[in-house]
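Here is how names work: the chains are called A, B, and so on, in the same order as the sequence lines, proteins then strands, and each is numbered from 1.
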There are 2 protein chains.
Amino acid sequence: MDTPRRQDGRRSALAPEYAAQPDHIAPDSRRRRRESHEAVLRATKDLLGEVGYQRLTFEGIARRAGVSKATIYRWWPNKAALVIEALSGEVPLPPIHETGDLEADLRTAVRLTIELVSAMPTCLILPALLADVIEDPTGTGAFAELIEPRRTSVVKLLERARLEGRLPPDTDTSLMVDVYSGTVVYLAAVNRIPPGEAVVGQLVSLLLHGHLPVPKGPAPAEREESPGA
Amino acid sequence: MDTPRRQDGRRSALAPEYAAQPDHIAPDSRRRRRESHEAVLRATKDLLGEVGYQRLTFEGIARRAGVSKATIYRWWPNKAALVIEALSGEVPLPPIHETGDLEADLRTAVRLTIELVSAMPTCLILPALLADVIEDPTGTGAFAELIEPRRTSVVKLLERARLEGRLPPDTDTSLMVDVYSGTVVYLAAVNRIPPGEAVVGQLVSLLLHGHLPVPKGPAPAEREESPGA
DNA sequence: CATACAGTACGAAACGCACCGTTTCGCCAA
DNA sequence: TTGGCGAAACGGTGCGTTTCGTACTGTATG
(Lines give C-alpha, C1' and ligand atoms only; values in the text may rest on other atoms or scores of the structure.)
Protein backbone atom coordinates (compact mmCIF):
# COMPACT_ATOMS: atom_id res chain seq x y z
CA MET A 1 0.00 0.00 0.00
CA ASP A 2 2.75 2.39 0.84
CA THR A 3 6.41 3.12 0.31
CA PRO A 4 8.73 1.66 -2.26
CA ARG A 5 8.55 -1.60 -4.03
CA ARG A 6 10.93 -4.51 -4.46
CA GLN A 7 10.62 -7.56 -2.32
CA ASP A 8 13.65 -9.50 -3.50
CA GLY A 9 15.91 -7.85 -1.00
CA ARG A 10 18.23 -6.28 -3.53
CA ARG A 11 17.61 -2.57 -3.25
CA SER A 12 17.67 -0.69 -6.47
CA ALA A 13 20.83 1.38 -6.75
CA LEU A 14 19.19 3.81 -9.15
CA ALA A 15 16.06 4.52 -7.16
CA PRO A 16 16.93 5.17 -3.52
CA GLU A 17 13.85 4.79 -1.41
CA TYR A 18 13.55 8.34 -0.29
CA ALA A 19 12.65 9.09 -3.87
CA ALA A 20 9.40 7.26 -3.23
CA GLN A 21 8.52 9.60 -0.38
CA PRO A 22 6.56 12.31 -2.18
CA ASP A 23 6.90 14.48 0.95
CA HIS A 24 3.20 15.01 0.52
CA ILE A 25 3.10 18.77 0.58
CA ALA A 26 -0.33 19.68 1.84
CA PRO A 27 -2.55 21.24 -0.80
CA ASP A 28 -4.58 24.35 -0.16
CA SER A 29 -7.21 23.05 2.22
CA ARG A 30 -9.39 26.13 1.77
CA ARG A 31 -10.05 25.03 -1.77
CA ARG A 32 -10.85 21.50 -0.85
CA ARG A 33 -14.17 20.27 -2.17
CA ARG A 34 -16.28 19.29 0.77
CA GLU A 35 -18.39 16.87 -1.27
CA SER A 36 -15.42 14.89 -2.52
CA HIS A 37 -13.96 14.74 0.95
CA GLU A 38 -17.16 13.38 2.41
CA ALA A 39 -17.82 11.03 -0.49
CA VAL A 40 -14.41 9.46 0.01
CA LEU A 41 -14.93 8.93 3.72
CA ARG A 42 -18.41 7.51 3.06
CA ALA A 43 -17.10 5.11 0.42
CA THR A 44 -14.24 4.09 2.68
CA LYS A 45 -16.56 3.25 5.55
CA ASP A 46 -18.94 1.37 3.28
CA LEU A 47 -16.26 -0.65 1.54
CA LEU A 48 -14.55 -1.36 4.84
CA GLY A 49 -17.71 -3.09 5.96
CA GLU A 50 -18.12 -4.92 2.69
CA VAL A 51 -14.66 -6.14 1.80
CA GLY A 52 -12.58 -5.49 4.91
CA TYR A 53 -9.30 -3.66 5.18
CA GLN A 54 -7.00 -5.85 3.15
CA ARG A 55 -9.06 -5.82 -0.02
CA LEU A 56 -9.84 -2.16 0.42
CA THR A 57 -8.28 -0.25 -2.45
CA PHE A 58 -7.75 3.34 -3.46
CA GLU A 59 -9.04 2.42 -6.89
CA GLY A 60 -12.14 0.86 -5.41
CA ILE A 61 -12.77 3.82 -3.12
CA ALA A 62 -12.38 6.22 -6.03
CA ARG A 63 -14.86 4.23 -8.11
CA ARG A 64 -17.38 4.01 -5.32
CA ALA A 65 -17.06 7.66 -4.35
CA GLY A 66 -17.17 8.90 -7.93
CA VAL A 67 -13.89 10.64 -7.36
CA SER A 68 -10.54 10.66 -9.07
CA LYS A 69 -7.84 8.45 -7.67
CA ALA A 70 -5.47 11.39 -7.83
CA THR A 71 -7.72 13.33 -5.49
CA ILE A 72 -7.44 10.67 -2.83
CA TYR A 73 -3.71 10.48 -3.19
CA ARG A 74 -3.58 14.23 -2.90
CA TRP A 75 -5.21 14.32 0.51
CA TRP A 76 -4.22 11.08 2.21
CA PRO A 77 -0.70 9.67 2.31
CA ASN A 78 -1.81 6.04 2.59
CA LYS A 79 -4.64 3.67 3.22
CA ALA A 80 -4.15 3.54 6.97
CA ALA A 81 -4.48 7.30 7.35
CA LEU A 82 -7.64 7.34 5.29
CA VAL A 83 -9.20 4.49 7.23
CA ILE A 84 -8.30 6.01 10.57
CA GLU A 85 -9.90 9.29 9.61
CA ALA A 86 -12.97 7.50 8.27
CA LEU A 87 -13.38 5.46 11.43
CA SER A 88 -12.68 8.15 13.97
CA GLY A 89 -15.87 9.89 12.97
CA GLU A 90 -17.71 6.66 13.58
CA VAL A 91 -16.41 5.96 17.02
CA PRO A 92 -18.51 6.30 20.15
CA LEU A 93 -16.97 8.71 22.60
CA PRO A 94 -19.16 9.12 25.65
CA PRO A 95 -17.35 10.92 28.44
CA ILE A 96 -16.30 8.79 31.35
CA HIS A 97 -18.48 9.71 34.29
CA GLU A 98 -16.09 9.45 37.12
CA THR A 99 -17.97 8.06 40.07
CA GLY A 100 -14.97 7.90 42.34
CA ASP A 101 -15.61 4.21 42.70
CA LEU A 102 -12.42 2.90 41.17
CA GLU A 103 -13.88 -0.46 40.26
CA ALA A 104 -16.89 1.08 38.54
CA ASP A 105 -14.81 3.62 36.68
CA LEU A 106 -12.39 0.99 35.49
CA ARG A 107 -15.28 -1.11 34.32
CA THR A 108 -16.54 1.82 32.30
CA ALA A 109 -13.12 2.26 30.73
CA VAL A 110 -12.86 -1.39 29.73
CA ARG A 111 -16.38 -1.33 28.39
CA LEU A 112 -15.55 1.71 26.30
CA THR A 113 -12.57 -0.02 24.75
CA ILE A 114 -14.70 -3.01 23.87
CA GLU A 115 -17.29 -0.75 22.30
CA LEU A 116 -14.57 0.89 20.28
CA VAL A 117 -13.30 -2.42 19.06
CA SER A 118 -16.83 -3.55 18.31
CA ALA A 119 -17.71 -0.46 16.34
CA MET A 120 -18.31 -1.32 12.73
CA PRO A 121 -15.99 -3.98 11.42
CA THR A 122 -13.17 -2.64 13.52
CA CYS A 123 -12.72 -5.88 15.37
CA LEU A 124 -11.64 -7.68 12.22
CA ILE A 125 -9.66 -4.94 10.55
CA LEU A 126 -7.65 -3.89 13.57
CA PRO A 127 -4.68 -6.20 13.07
CA ALA A 128 -4.37 -5.30 9.40
CA LEU A 129 -4.56 -1.63 10.21
CA LEU A 130 -2.03 -2.00 12.99
CA ALA A 131 0.29 -3.82 10.62
CA ASP A 132 0.21 -0.91 8.18
CA VAL A 133 0.82 1.56 10.98
CA ILE A 134 3.84 -0.46 12.05
CA GLU A 135 5.26 -0.22 8.53
CA ASP A 136 4.78 3.52 8.43
CA PRO A 137 4.87 4.79 12.00
CA THR A 138 3.79 8.23 10.85
CA GLY A 139 0.27 7.27 11.79
CA THR A 140 1.04 5.75 15.16
CA GLY A 141 -0.35 8.69 17.04
CA ALA A 142 -3.58 8.75 15.06
CA PHE A 143 -3.95 5.02 15.49
CA ALA A 144 -3.49 5.19 19.23
CA GLU A 145 -6.02 7.95 19.40
CA LEU A 146 -8.47 5.84 17.46
CA ILE A 147 -8.21 2.76 19.58
CA GLU A 148 -7.66 4.50 22.92
CA PRO A 149 -8.99 8.03 22.69
CA ARG A 150 -9.58 8.01 26.40
CA ARG A 151 -6.24 6.53 27.28
CA THR A 152 -4.76 9.53 28.96
CA SER A 153 -7.93 10.27 30.87
CA VAL A 154 -8.01 6.71 32.17
CA VAL A 155 -4.37 6.91 33.14
CA LYS A 156 -5.06 10.17 34.94
CA LEU A 157 -7.99 8.59 36.71
CA LEU A 158 -5.80 5.73 37.87
CA GLU A 159 -2.98 8.06 38.81
CA ARG A 160 -5.35 10.01 41.00
CA ALA A 161 -6.46 6.81 42.70
CA ARG A 162 -2.84 5.86 43.22
CA LEU A 163 -1.92 9.21 44.75
CA GLU A 164 -4.92 9.03 47.01
CA GLY A 165 -3.86 5.63 48.27
CA ARG A 166 -6.60 3.66 46.62
CA LEU A 167 -3.91 1.87 44.62
CA PRO A 168 -0.47 0.84 45.87
CA PRO A 169 2.00 3.69 45.45
CA ASP A 170 4.19 1.70 43.09
CA THR A 171 1.42 0.77 40.66
CA ASP A 172 2.27 1.10 36.97
CA THR A 173 -1.01 2.67 35.90
CA SER A 174 0.03 2.99 32.27
CA LEU A 175 0.62 -0.73 32.00
CA MET A 176 -2.76 -1.33 33.56
CA VAL A 177 -4.34 0.33 30.55
CA ASP A 178 -2.11 -1.64 28.20
CA VAL A 179 -3.16 -4.87 29.85
CA TYR A 180 -6.85 -4.48 29.33
CA SER A 181 -6.44 -2.87 25.91
CA GLY A 182 -4.12 -5.61 24.73
CA THR A 183 -6.32 -8.34 26.07
CA VAL A 184 -9.44 -6.90 24.49
CA VAL A 185 -7.81 -6.42 21.11
CA TYR A 186 -6.22 -9.85 21.23
CA LEU A 187 -9.41 -11.64 22.20
CA ALA A 188 -11.42 -9.80 19.57
CA ALA A 189 -8.95 -10.64 16.83
CA VAL A 190 -8.40 -14.26 17.69
CA ASN A 191 -12.01 -15.11 18.48
CA ARG A 192 -13.22 -12.96 15.60
CA ILE A 193 -15.74 -11.37 17.94
CA PRO A 194 -15.27 -8.74 20.64
CA PRO A 195 -15.34 -10.01 24.21
CA GLY A 196 -18.65 -9.82 26.03
CA GLU A 197 -19.70 -8.14 29.22
CA ALA A 198 -18.42 -11.03 31.31
CA VAL A 199 -14.85 -10.26 30.35
CA VAL A 200 -15.28 -6.70 31.60
CA GLY A 201 -15.85 -7.90 35.11
CA GLN A 202 -13.11 -10.45 34.92
CA LEU A 203 -10.56 -7.96 33.66
CA VAL A 204 -11.38 -5.35 36.26
CA SER A 205 -11.37 -7.90 38.99
CA LEU A 206 -8.02 -9.10 37.74
CA LEU A 207 -6.53 -5.63 37.61
CA LEU A 208 -7.63 -4.83 41.11
CA HIS A 209 -7.52 -8.09 43.02
CA GLY A 210 -5.58 -10.55 40.92
CA HIS A 211 -6.73 -13.92 39.62
CA LEU A 212 -9.56 -14.29 37.18
CA PRO A 213 -12.81 -15.52 38.65
CA VAL A 214 -15.16 -17.26 36.30
CA PRO A 215 -18.17 -15.01 35.72
CA LYS A 216 -20.95 -15.67 38.17
CA GLY A 217 -24.64 -15.25 37.47
CA PRO A 218 -27.31 -16.54 35.12
CA ALA A 219 -25.09 -16.76 32.02
CA PRO A 220 -22.03 -18.72 33.06
CA ALA A 221 -20.96 -19.53 29.48
CA GLU A 222 -20.55 -16.05 28.09
CA ARG A 223 -16.89 -16.40 27.24
CA GLU A 224 -16.28 -17.80 23.80
CA GLU A 225 -13.85 -20.57 23.09
CA SER A 226 -10.22 -19.77 23.54
CA PRO A 227 -7.71 -19.22 20.77
CA GLY A 228 -5.87 -22.41 21.61
CA ALA A 229 -5.75 -24.90 18.75
CA MET B 1 -2.53 -12.70 -1.36
CA ASP B 2 -5.38 -15.07 -0.99
CA THR B 3 -8.94 -15.76 -2.02
CA PRO B 4 -10.96 -13.99 -4.68
CA ARG B 5 -10.64 -10.52 -6.01
CA ARG B 6 -13.01 -7.56 -6.33
CA GLN B 7 -12.93 -4.76 -3.89
CA ASP B 8 -15.82 -2.73 -5.15
CA GLY B 9 -18.37 -4.65 -3.15
CA ARG B 10 -20.36 -5.97 -6.05
CA ARG B 11 -19.74 -9.68 -6.11
CA SER B 12 -19.37 -11.21 -9.52
CA ALA B 13 -22.44 -13.22 -10.41
CA LEU B 14 -20.49 -15.38 -12.81
CA ALA B 15 -17.63 -16.29 -10.52
CA PRO B 16 -18.97 -17.28 -7.10
CA GLU B 17 -16.18 -17.15 -4.59
CA TYR B 18 -15.98 -20.84 -3.93
CA ALA B 19 -14.70 -21.14 -7.47
CA ALA B 20 -11.57 -19.35 -6.31
CA GLN B 21 -10.91 -21.99 -3.68
CA PRO B 22 -8.71 -24.41 -5.62
CA ASP B 23 -9.46 -27.02 -2.96
CA HIS B 24 -5.74 -27.55 -2.95
CA ILE B 25 -5.63 -31.27 -3.40
CA ALA B 26 -2.44 -32.41 -1.77
CA PRO B 27 0.20 -33.59 -4.23
CA ASP B 28 2.15 -36.80 -3.74
CA SER B 29 4.33 -35.82 -0.84
CA ARG B 30 6.58 -38.86 -1.29
CA ARG B 31 7.86 -37.35 -4.50
CA ARG B 32 8.43 -33.94 -2.99
CA ARG B 33 11.90 -32.57 -3.59
CA ARG B 34 13.52 -31.97 -0.25
CA GLU B 35 15.89 -29.33 -1.58
CA SER B 36 13.13 -27.17 -3.04
CA HIS B 37 11.12 -27.45 0.13
CA GLU B 38 14.02 -26.31 2.25
CA ALA B 39 15.10 -23.62 -0.17
CA VAL B 40 11.64 -22.10 -0.04
CA LEU B 41 11.56 -22.06 3.75
CA ARG B 42 15.06 -20.60 3.83
CA ALA B 43 14.17 -17.86 1.36
CA THR B 44 10.98 -17.12 3.24
CA LYS B 45 12.79 -16.68 6.51
CA ASP B 46 15.47 -14.52 4.92
CA LEU B 47 13.07 -12.28 3.07
CA LEU B 48 10.86 -11.98 6.12
CA GLY B 49 13.78 -10.44 7.92
CA GLU B 50 14.66 -8.19 5.02
CA VAL B 51 11.35 -6.85 3.78
CA GLY B 52 8.82 -7.90 6.41
CA TYR B 53 5.57 -9.72 5.93
CA GLN B 54 3.60 -7.27 3.87
CA ARG B 55 6.11 -6.91 1.10
CA LEU B 56 6.88 -10.60 1.16
CA THR B 57 5.82 -12.11 -2.14
CA PHE B 58 5.52 -15.53 -3.69
CA GLU B 59 7.32 -14.19 -6.71
CA GLY B 60 10.13 -12.86 -4.59
CA ILE B 61 10.43 -16.08 -2.63
CA ALA B 62 10.55 -18.08 -5.84
CA ARG B 63 13.27 -15.86 -7.24
CA ARG B 64 15.33 -16.01 -4.07
CA ALA B 65 14.92 -19.74 -3.64
CA GLY B 66 15.63 -20.50 -7.28
CA VAL B 67 12.34 -22.29 -7.46
CA SER B 68 9.31 -22.11 -9.68
CA LYS B 69 6.39 -20.08 -8.46
CA ALA B 70 4.12 -22.97 -9.38
CA THR B 71 5.98 -25.19 -6.97
CA ILE B 72 5.24 -22.89 -4.06
CA TYR B 73 1.60 -22.62 -4.99
CA ARG B 74 1.48 -26.40 -5.21
CA TRP B 75 2.54 -26.92 -1.61
CA TRP B 76 1.25 -23.92 0.29
CA PRO B 77 -2.26 -22.51 0.01
CA ASN B 78 -1.26 -18.95 0.92
CA LYS B 79 1.40 -16.70 2.32
CA ALA B 80 0.31 -17.07 5.93
CA ALA B 81 0.63 -20.84 5.85
CA LEU B 82 4.08 -20.64 4.32
CA VAL B 83 5.27 -18.07 6.83
CA ILE B 84 3.88 -20.00 9.77
CA GLU B 85 5.67 -23.13 8.66
CA ALA B 86 8.87 -21.23 8.07
CA LEU B 87 8.74 -19.61 11.49
CA SER B 88 7.69 -22.61 13.51
CA GLY B 89 11.01 -24.23 12.80
CA GLU B 90 12.70 -21.13 14.10
CA VAL B 91 10.87 -20.88 17.36
CA PRO B 92 12.47 -21.66 20.70
CA LEU B 93 10.58 -24.37 22.51
CA PRO B 94 12.31 -25.23 25.76
CA PRO B 95 10.09 -27.38 27.93
CA ILE B 96 8.60 -25.65 30.92
CA HIS B 97 10.34 -27.01 33.99
CA GLU B 98 7.51 -27.11 36.43
CA THR B 99 8.90 -26.15 39.78
CA GLY B 100 5.58 -26.29 41.57
CA ASP B 101 6.11 -22.69 42.53
CA LEU B 102 3.18 -21.13 40.71
CA GLU B 103 4.74 -17.72 40.52
CA ALA B 104 8.00 -19.02 39.08
CA ASP B 105 6.25 -21.26 36.57
CA LEU B 106 4.02 -18.48 35.42
CA ARG B 107 7.02 -16.26 35.00
CA THR B 108 8.60 -18.89 32.81
CA ALA B 109 5.47 -19.06 30.70
CA VAL B 110 5.32 -15.32 30.17
CA ARG B 111 9.00 -15.21 29.39
CA LEU B 112 8.54 -17.94 26.80
CA THR B 113 5.81 -15.98 25.07
CA ILE B 114 8.02 -12.93 24.95
CA GLU B 115 10.84 -14.98 23.50
CA LEU B 116 8.49 -16.30 20.87
CA VAL B 117 7.38 -12.84 19.94
CA SER B 118 10.97 -11.66 19.90
CA ALA B 119 12.19 -14.46 17.69
CA MET B 120 13.35 -13.09 14.40
CA PRO B 121 11.20 -10.27 13.10
CA THR B 122 8.09 -11.86 14.54
CA CYS B 123 7.35 -8.90 16.72
CA LEU B 124 6.75 -6.68 13.72
CA ILE B 125 5.08 -9.15 11.40
CA LEU B 126 2.64 -10.59 13.90
CA PRO B 127 -0.26 -8.20 13.27
CA ALA B 128 0.03 -8.60 9.51
CA LEU B 129 0.15 -12.35 9.83
CA LEU B 130 -2.79 -12.34 12.19
CA ALA B 131 -4.73 -10.20 9.76
CA ASP B 132 -4.24 -12.77 7.01
CA VAL B 133 -5.26 -15.58 9.31
CA ILE B 134 -8.43 -13.70 10.18
CA GLU B 135 -9.27 -13.45 6.48
CA ASP B 136 -8.75 -17.14 5.92
CA PRO B 137 -9.39 -18.86 9.25
CA THR B 138 -8.08 -22.13 7.82
CA GLY B 139 -4.78 -21.34 9.41
CA THR B 140 -6.08 -20.26 12.80
CA GLY B 141 -4.95 -23.46 14.46
CA ALA B 142 -1.47 -23.27 13.02
CA PHE B 143 -1.22 -19.64 14.01
CA ALA B 144 -2.27 -20.30 17.58
CA GLU B 145 0.24 -23.10 17.77
CA LEU B 146 2.94 -20.77 16.52
CA ILE B 147 2.33 -17.99 18.97
CA GLU B 148 1.29 -20.15 21.93
CA PRO B 149 2.72 -23.62 21.42
CA ARG B 150 2.72 -24.13 25.15
CA ARG B 151 -0.74 -22.77 25.69
CA THR B 152 -2.43 -25.99 26.70
CA SER B 153 0.42 -26.99 28.96
CA VAL B 154 0.25 -23.64 30.72
CA VAL B 155 -3.49 -23.95 31.09
CA LYS B 156 -3.04 -27.42 32.51
CA LEU B 157 -0.45 -26.12 34.90
CA LEU B 158 -2.81 -23.41 36.08
CA GLU B 159 -5.72 -25.83 36.29
CA ARG B 160 -3.69 -28.08 38.51
CA ALA B 161 -2.90 -25.16 40.78
CA ARG B 162 -6.57 -24.25 40.86
CA LEU B 163 -7.67 -27.78 41.77
CA GLU B 164 -5.03 -27.94 44.47
CA GLY B 165 -6.33 -24.74 45.99
CA ARG B 166 -3.36 -22.58 45.06
CA LEU B 167 -5.75 -20.50 42.96
CA PRO B 168 -9.34 -19.61 43.79
CA PRO B 169 -11.67 -22.36 42.63
CA ASP B 170 -13.51 -20.04 40.24
CA THR B 171 -10.41 -18.81 38.40
CA ASP B 172 -10.68 -18.62 34.61
CA THR B 173 -7.27 -20.06 33.84
CA SER B 174 -7.75 -19.88 30.09
CA LEU B 175 -8.32 -16.15 30.24
CA MET B 176 -5.22 -15.80 32.37
CA VAL B 177 -3.20 -17.03 29.43
CA ASP B 178 -5.06 -14.75 27.07
CA VAL B 179 -4.31 -11.79 29.28
CA TYR B 180 -0.58 -12.15 29.28
CA SER B 181 -0.44 -13.27 25.64
CA GLY B 182 -2.59 -10.37 24.52
CA THR B 183 -0.65 -7.87 26.54
CA VAL B 184 2.69 -9.10 25.27
CA VAL B 185 1.61 -9.10 21.64
CA TYR B 186 -0.01 -5.70 21.99
CA LEU B 187 2.97 -4.10 23.68
CA ALA B 188 5.38 -5.57 21.17
CA ALA B 189 3.35 -4.36 18.22
CA VAL B 190 2.64 -0.87 19.49
CA ASN B 191 6.07 -0.18 20.91
CA ARG B 192 7.75 -1.93 17.98
CA ILE B 193 9.87 -3.86 20.43
CA PRO B 194 9.03 -6.82 22.65
CA PRO B 195 8.53 -6.05 26.33
CA GLY B 196 11.53 -6.52 28.58
CA GLU B 197 12.09 -8.63 31.63
CA ALA B 198 10.47 -6.06 33.88
CA VAL B 199 7.10 -6.64 32.30
CA VAL B 200 7.38 -10.35 33.09
CA GLY B 201 7.38 -9.66 36.78
CA GLN B 202 4.68 -7.06 36.53
CA LEU B 203 2.38 -9.32 34.57
CA VAL B 204 2.83 -12.29 36.87
CA SER B 205 2.36 -10.14 39.90
CA LEU B 206 -0.77 -8.75 38.36
CA LEU B 207 -2.18 -12.13 37.49
CA LEU B 208 -1.63 -13.44 40.97
CA HIS B 209 -2.08 -10.49 43.27
CA GLY B 210 -3.69 -7.73 41.27
CA HIS B 211 -2.36 -4.22 40.69
CA LEU B 212 0.81 -3.55 38.81
CA PRO B 213 3.81 -2.60 40.90
CA VAL B 214 6.48 -0.59 39.20
CA PRO B 215 9.56 -2.77 38.72
CA LYS B 216 11.94 -2.50 41.63
CA GLY B 217 15.69 -2.85 41.43
CA PRO B 218 18.66 -1.24 39.73
CA ALA B 219 16.94 -0.56 36.41
CA PRO B 220 13.70 1.21 37.23
CA ALA B 221 13.19 2.54 33.68
CA GLU B 222 13.06 -0.71 31.73
CA ARG B 223 9.59 -0.16 30.40
CA GLU B 224 9.50 1.68 27.11
CA GLU B 225 7.21 4.57 26.42
CA SER B 226 3.54 3.78 26.20
CA PRO B 227 1.50 3.62 23.01
CA GLY B 228 -0.55 6.65 23.98
CA ALA B 229 -0.31 9.49 21.50
C1' DC C 1 -19.73 46.03 -5.65
C1' DA C 2 -19.28 43.59 -9.72
C1' DT C 3 -15.75 41.68 -12.70
C1' DA C 4 -11.62 39.79 -14.47
C1' DC C 5 -7.86 36.97 -13.52
C1' DA C 6 -4.83 34.08 -11.69
C1' DG C 7 -4.18 29.72 -9.15
C1' DT C 8 -5.37 25.24 -8.16
C1' DA C 9 -8.38 21.34 -6.87
C1' DC C 10 -10.79 18.34 -9.59
C1' DG C 11 -12.24 14.17 -12.93
C1' DA C 12 -10.73 11.44 -16.59
C1' DA C 13 -7.50 8.78 -18.52
C1' DA C 14 -3.35 6.82 -19.31
C1' DC C 15 1.51 5.44 -17.97
C1' DG C 16 4.96 1.55 -16.55
C1' DC C 17 5.45 -1.58 -13.12
C1' DA C 18 4.83 -5.44 -9.52
C1' DC C 19 2.31 -9.43 -8.29
C1' DC C 20 -1.38 -12.24 -8.53
C1' DG C 21 -2.88 -17.10 -9.39
C1' DT C 22 -3.02 -20.22 -13.24
C1' DT C 23 -1.59 -22.72 -17.22
C1' DT C 24 1.40 -24.91 -20.57
C1' DC C 25 5.42 -27.22 -21.75
C1' DG C 26 9.50 -30.07 -21.65
C1' DC C 27 12.62 -32.40 -18.46
C1' DC C 28 13.96 -35.70 -15.36
C1' DA C 29 13.85 -38.67 -11.36
C1' DA C 30 11.22 -42.09 -8.72
C1' DT D 1 4.75 -44.33 -16.72
C1' DT D 2 3.86 -41.00 -13.27
C1' DG D 3 4.16 -36.74 -11.33
C1' DG D 4 7.05 -33.13 -9.23
C1' DC D 5 9.87 -29.76 -11.13
C1' DG D 6 11.73 -25.10 -13.57
C1' DA D 7 10.83 -21.91 -17.11
C1' DA D 8 7.90 -18.94 -19.09
C1' DA D 9 3.97 -16.90 -20.32
C1' DC D 10 -1.12 -15.73 -19.63
C1' DG D 11 -4.87 -12.00 -18.40
C1' DG D 12 -5.99 -9.42 -14.64
C1' DT D 13 -5.75 -6.00 -10.63
C1' DG D 14 -3.84 -2.53 -8.10
C1' DC D 15 -0.08 0.67 -7.44
C1' DG D 16 1.55 5.50 -7.51
C1' DT D 17 2.32 9.07 -10.81
C1' DT D 18 1.55 12.08 -14.63
C1' DT D 19 -0.91 14.78 -18.09
C1' DC D 20 -4.74 17.12 -19.61
C1' DG D 21 -8.75 20.16 -19.78
C1' DT D 22 -12.39 21.89 -16.86
C1' DA D 23 -14.48 24.36 -13.17
C1' DC D 24 -14.40 26.63 -9.16
C1' DT D 25 -12.22 29.80 -5.52
C1' DG D 26 -9.97 33.55 -3.40
C1' DT D 27 -8.18 37.88 -4.45
C1' DA D 28 -7.04 41.95 -6.96
C1' DT D 29 -8.95 45.41 -10.09
C1' DG D 30 -12.00 48.82 -12.34
Side-chain angles (χ1 to χ4, degrees), chain A residues 1-10 12 14-15 17 19-40 43 47 51 53-79 81-82 132 135-136, chain B residues 1-8 10 12 14-15 17 19-40 43 47 51 53-79 81-82 132 136:
Chain A
M1 193 68 229
D2 36 6
T3 46
R5 261 6 203 307
R6 306 207 67 111
Q7 76 313 321
D8 58 357
R10 294 185 302 276
S12 159
L14 297 178
E17 48 265 40
Q21 296 275 20
D23 275 20
H24 227 274
I25 22 170
D28 187 343
S29 59
R30 297 171 309 173
R31 301 196 144 202
R32 184 171 199 173
R33 296 192 64 81
R34 171 186 301 271
E35 356 165 359
S36 300
H37 186 180
E38 288 171 357
V40 169
L47 286 175
V51 304
Y53 183 86
Q54 325 233 59
R55 286 200 273 276
L56 186 70
T57 283
F58 273 31
E59 305 233 6
I61 296 170
R63 273 198 296 273
R64 175 67 66 97
V67 146
S68 171
K69 224 187 353 166
T71 300
I72 308 186
Y73 278 107
R74 179 155 31 225
W75 293 103
W76 290 277
N78 52 53
K79 191 164 70 165
L82 172 52
D132 268 3
E135 287 250 321
D136 178 9
Chain B
M1 196 67 230
D2 38 5
T3 44
R5 267 357 209 308
R6 308 208 65 112
Q7 77 312 324
D8 58 357
R10 293 184 301 278
S12 158
L14 297 178
E17 47 265 39
Q21 295 277 18
D23 275 19
H24 228 273
I25 21 170
D28 186 344
S29 59
R30 298 170 308 173
R31 296 195 149 196
R32 184 171 199 173
R33 296 193 65 80
R34 172 188 301 269
E35 356 165 359
S36 300
H37 186 181
E38 287 169 358
V40 169
L47 286 175
V51 305
Y53 183 85
Q54 325 233 59
R55 286 199 274 275
L56 186 70
T57 282
F58 272 31
E59 304 232 7
I61 296 171
R63 273 197 297 273
R64 175 67 66 98
V67 145
S68 171
K69 223 185 358 163
T71 300
I72 308 186
Y73 278 108
R74 179 153 33 225
W75 293 103
W76 289 277
N78 52 55
K79 190 164 71 163
L82 172 52
D132 268 4
D136 178 9

Asker: dG14(D), OP1 or OP2 - any side-chain N/O from Arg63(A) closer than 4.0 Å?
Answerer: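 Checking dG14(D) against Arg63(A), a side-chain N or O does come within under 4.0 Å of OP1 or OP2.
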Asker: Figure out the CG/C1' separation between Leu82(B) and dG21(C), and round it to whole Å.
Answerer: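 One finds 15 Å between C1' of dG21(C) and CG of Leu82(B), rounded.
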Asker: Applying side-chain contact (heavy atoms from CB on, under 4.5 Å), name anything that partners Arg32(B), two or more places apart in sequence or on another chain.
Answerer: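 Here the qualifying residues are His37(B), Trp75(B), Trp76(B).
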Asker: With sequence neighbours left out, what residues match Ala62(B) under side-chain contact (heavy atoms from CB on, under 4.5 Å)?
Answerer: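 Once residues adjacent in sequence are excluded, the partners of Ala62(B) under the side-chain contact (heavy atoms from CB on, under 4.5 Å) criterion are Lys69(B), Ile72(B).
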Asker: From CD of Glu59(B) over to P of dT13(D), roughly how many Å is that when rounded to an integer?
Answerer: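 Those two atoms, CD and P, are 17 Å apart.
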Asker: To the nearest angstrom, how far is Phe58(B) atom CZ from dT22(C) atom P?
Answerer: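 Taking atom P of dT22(C) as the reference, CZ of Phe58(B) is at 10 Å.
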Asker: Rounding to a whole Å, what distance do you find between Ile72(A):CD1 and dG14(D):C1'?
Answerer: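 Ile72(A) atom CD1 is separated from dG14(D) atom C1' by 13 Å.
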Asker: With sequence neighbours excluded, what pairs up with Arg33(B) under the salt bridge (Lys or Arg N to Asp or Glu O under 4.0 Å) test?
Answerer: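 Arg33(B): salt bridge (Lys or Arg N to Asp or Glu O under 4.0 Å) contacts with Glu35(B).
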Asker: Taking C-beta and beyond as the side chain, do Leu56(B) and Leu82(B) meet within less than 4.5 Å on heavy atoms?
Answerer: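 Heavy-atom side-chain distance check fails, nothing below 4.5 Å.
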Asker: Could you pull out the protein-nucleic contacts involving nucleotides 2-6 of chain D (nitrogen or oxygen on both sides, under 3.5 Å)?
Answerer:
| unit_1 | atom_1 | unit_2 | atom_2 | d |
| --- | --- | --- | --- | --- |
| dT2(D) | O2 | Arg31(B) | NH1 | 2.6 |
| dT2(D) | O2 | Arg31(B) | NH2 | 2.8 |
| dG3(D) | O4' | Arg31(B) | NH1 | 2.7 |
| dG4(D) | OP1 | Asp28(B) | N | 2.7 |
| dC5(D) | OP1 | Arg33(B) | N | 2.9 |
| dC5(D) | OP2 | Trp75(B) | NE1 | 2.4 |
| dG6(D) | OP1 | Ser36(B) | OG | 3.3 |
| dG6(D) | OP2 | Ser68(B) | N | 3.2 |
| dG6(D) | OP2 | Thr71(B) | OG1 | 2.4 |

Asker: Could you list the residues that satisfy side chain to side chain donor-acceptor pair (under 3.5 Å) with Arg34(A), not counting sequence neighbours?
Answerer: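 Applying side chain to side chain donor-acceptor pair (under 3.5 Å) to Arg34(A) gives none.
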Asker: Testing the 3.5 Å rule here: is there a donor-acceptor pair between the side chains of Asn78(A) and Asp132(A)?
Answerer: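 No pair is found: no donor N or O on one side chain lies under 3.5 Å from an acceptor on the other.
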Asker: Scan Arg30(B) against the nucleic acid and name what it touches under 4.0 Å (heavy atoms): base, sugar-phosphate only, or nothing.
Answerer: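 Touches nothing.
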Asker: Within this structure, what is the OH-to-P distance between Tyr73(B) and dG21(C), rounded to whole angstrom?
Answerer: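 Rounding to the nearest Å, OH of Tyr73(B) and P of dG21(C) are 4 Å apart.
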Asker: Rounded to whole angstroms, how far apart are CG on Leu56(B) and P on dA18(C)?
Answerer: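 Answer to the nearest Å: 17 Å.
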Asker: Measure NZ/Lys79(A) against C1'/dT13(D) and give the value in whole Å, please.
Answerer: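 About 13 Å, once rounded to whole Å.
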Asker: Between Arg55(A) (CZ) and dG12(D) (C1'), how many Å, whole number?
Answerer: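 Those two atoms, CZ and C1', are 16 Å apart.
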